Amino acid sequence: MIESDAVIKFAVVGLGHIGKRHATMVQEHPEAELVALVDVMSKEDLGLSDLDVPLFPDVESMLSAGIDLDVVNICTANGLHSAQALKALEHKKHVVVEKPLGLYTANCEQVISTALNVSRQVFCVMQNRYSPPSIWLKGLMDEKKLGEINMVQLNCYWNRGDQYYKKGSWKGTKEMDGGSLFTQFSHFIDMMYWLFGDITDINARFENFGHKDSTEFEDSGFVTFKFVNGGMGSLNYSTAV
Ligand SMILES: NC(=O)c1ccc[n+]([C@@H]2O[C@H](COP(=O)([O-])OP(=O)(O)OC[C@H]3O[C@@H](n4cnc5c(N)ncnc54)[C@H](O)[C@@H]3O)[C@@H](O)[C@H]2O)c1
């Protein structure tokens with residue numbers, strides 16, 4: 001367990017766009033210390049030459065290096081999250097994992113059950129839950145101020161141009177990205193579950209309108225379902241707007 005008055009020691013895995021933010025936030029917090037980095041790229045290529053923290057080429061070598069460490073932050077491509085989180089848990093580390101927790105239910109369940117077995121915490125980054133409008137809406141729901149809700153509509157209409165899906169990147173691939181419901185819209189789906197609970201009887205229709213040459217998955221969909229707690233809902237999404 002982490003002592004409440006101790007400095008918490010973090011390692012960041014994946015020092016790209018979001019991993020650099022994790023590293024900065026850890027360094028700026030008075031009760032946190034950045035003790036290790038993991039990336040397949042060199043410090044020079046990552047633009048982190050000035051960062052005086054050891055860099056390892058993979059999670060296993062970092063975890064086996066005997067570094068005093070409490071938390072591992074997983075900030076790699078979606079398809080790597082659950083396997084890297086499991087490795088950290090097996091070494092009895094707490095885990096902060098960027099969304100999504102994994103691309104398959106079975107892998108996510110394995111992460112959660114391993115965390116319980118080794119008595120460590122797993123936190124999936126769903127920062128939108130902490131925004132003032134979300135907290136306000138959750139309060140309204142918990143106090144049942146809106147009465148009975150029978151129909152919920154979640155509409156996510158975004159644009160991701162071809163420049164976003166660069167050749168050689170994990171973005172747009174089935175194996176490492178998984179699709180827009182993971183990379184773009186998981187925050188909103190999480191919010192819907194948080195407010196209205198689990199869903200069942202799911203039907204869906206998908207289409208790739210704008211990214212046939214740049215993604216291995218559909219960019220748009222209409223999804224309908226029932227809520228286990230009663231009522232029905234729809235999720236309509238696209239990144240081709
Ligand atoms: N919470 C949010 O709102 C939010 C926002 C953006 C991205 N994300 C998530 O953060 C994750 C990373 O996204 P990004 O935009 O920073 O990607 P990115 O491509 O900029 O960074 C990924 C990094 O991982 C490194 N990497 C690749 N393979 C590795 C391996 N085996 N071990 C260690 N490092 C490896 C790459 O070299 C790169 O530096 C994604 O899962 C994404 O969904 C979350």
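The analysis underlying the following values was restricted to heavy atoms, covering all of them including side chains, and did not include hydrogens, waters or symmetry mates. Model, not experiment: these values are computed from the prediction. In each ligand, atom 1 is the first atom listed, and ligand 1 is the first ligand listed.
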Under a 4.0 Å heavy-atom limit, does Ser169 contact ligand 1 with its side chain, its backbone, both, or neither? neither
With the threshold set at 4.0 Å, does a side-chain nitrogen-carboxylate oxygen contact exist between Asp70 and Lys93? no
Less than 6.0 angstrom from the centroid, inside 45 degrees of the normal: does Lys171 satisfy that with respect to the ring of Tyr164? yes
Backbone, side chain, both or neither: what part of Glu98 comes under 4.0 angstrom of ligand 1, heavy atoms only? side chain
Quick look: Asp58 vs ligand 1, heavy-atom contacts under 4.0 Å, and the answer is neither
Answer side chain, backbone, both or neither: which part of Leu46 comes under 4.0 Å from ligand 1, heavy atoms only. side chain
At under 4.0 Å between heavy atoms, is it the side chain or the backbone of Met126 that contacts ligand 1, or both, or neither? neither
Within reach of ligand 1, part of Trp170 (heavy-atom separation under 4.0 Å): side chain
Proximity to ligand 1 by part of Asn78, non-hydrogen separation under 4.0 Å: both
Ligand 1 contacted by Lys171 (non-hydrogen, < 4.0 Å): yes
Are the ring centres of Phe185 and Trp158 closer than 6.0 Å? yes
Using distance alone, with no hydrogens and no angle criterion, decide if Glu218 and His211 have a side-chain donor and acceptor under 3.5 Å apart. no
